[in-house]
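Take a look at the structure set out below.
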Amino acid sequence: MSRSGSAETRALANELKRLQIAAAEDKLETTRATREKDAAGARQTTDSALRHVNRLLDPNDVGGSIGAATGAYEMRGFTQGAQDFNSVRDQLVAALTQPNLGALKGPMSDKDVSFIKQLATRLENRKMSAQETQRALIEARTFLQSKVGGAGSTGSGSSPRVGRIGRFEVELSE
């Protein structure tokens, strides 16, 4: 009788170990899948932000309205080109801010979100000069390109075109 009890105990212990191993494998697979999904989402957000930067730097796209959309003068931003530039700039600021939103715990006020945006980029400030906005865009592009591992790429996979905005020479997207 004691032999059958001992065999049952071992069988139960083995079954418990098998269940624990299966649960650990499931947890590991879930963690791996979540990590891969997060990495793919981060890559997509970075690629999207890089496209926005390239549009803002391209004088043949919304970047051609950088002068109308920037500066501290009162009538700035009323043209359609300036509205388009600011719309793409807002998308870029949001894309740059998104990864930092988890830095603050709990509910966030508007001031908290504004603070996070200021940490991410100074492009939120629409009263900067065209030259300073240009510098901030180039810095953002350099940062984003370093994240995707292609410091020399424009995000399109082709060789870059070079253009000028004011006194700045920039790579333009296709």
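Just so it is clear, the structure is predicted and the values come from calculations on it, not from any experiment.
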Distance (rounded to the nearest 0.5 Å) between [X] [atom1] and [Y] [atom2]:
X: S87; Y: Q80; atom1: OG; atom2: CD; result: 9.5 Å
X: T46; Y: Q98; atom1: OG1; atom2: CD; result: 9.5 Å
X: N14; Y: T9; atom1: CG; atom2: OG1; result: 11.0 Å
X: F143; Y: T121; atom1: CZ; atom2: OG1; result: 10.0 Å
X: E132; Y: L123; atom1: CD; atom2: CG; result: 9.5 Å
X: Q83; Y: S65; atom1: CD; atom2: OG; result: 10.5 Å

[X] versus [Y], closest heavy-atom pair with distance:
X: I66; Y: T133; result: CD1-CG2, 4.0 Å
X: R89; Y: A69; result: NH2-O, 3.2 Å
X: A49; Y: A95; result: CB-CB, 3.7 Å
X: D61; Y: R55; result: OD2-NE, 2.8 Å
X: L57; Y: L137; result: CD2-CB, 3.6 Å
X: L144; Y: L96; result: CD2-CD2, 3.9 Å

Spell out, as yes or no, whether a donor-acceptor pair under 3.5 Å connects the side chain of [X] to the backbone of [Y].
X: S48; Y: Q44; answer: no
X: N125; Y: K127; answer: yes
X: D112; Y: S109; answer: yes
X: N86; Y: A82; answer: yes

Is [Y] close to [X] at the side-chain level, that is, under 4.5 Å between some pair of heavy atoms?
X: N54; Y: L50; result: yes
X: R126; Y: D90; result: yes
X: R122; Y: M128; result: yes
X: E29; Y: E25; result: no

Could you tell me whether R43 and D47 make a salt bridge, using a distance below 4.0 angstrom between a side-chain N and a carboxylate O?
yes
Before giving the answer on side-chain contact (heavy atoms from CB on, under 4.5 Å), spell out for T30 and T34 the whole-Å C-alpha distance, their side-chain angles and the decisive distance to 0.1 Å.
CA-CA 6 Å; T30 301; T34 301; 4.2 Å; yes
Heavy-atom neighbours of D110 CG exceed 12 at 6.0 Å:
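Not buried by this count: 12 neighbours or fewer within 6.0 Å.
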Just checking, any donor-acceptor pair under 3.5 angstrom between side chains of S6 and R10?
yes
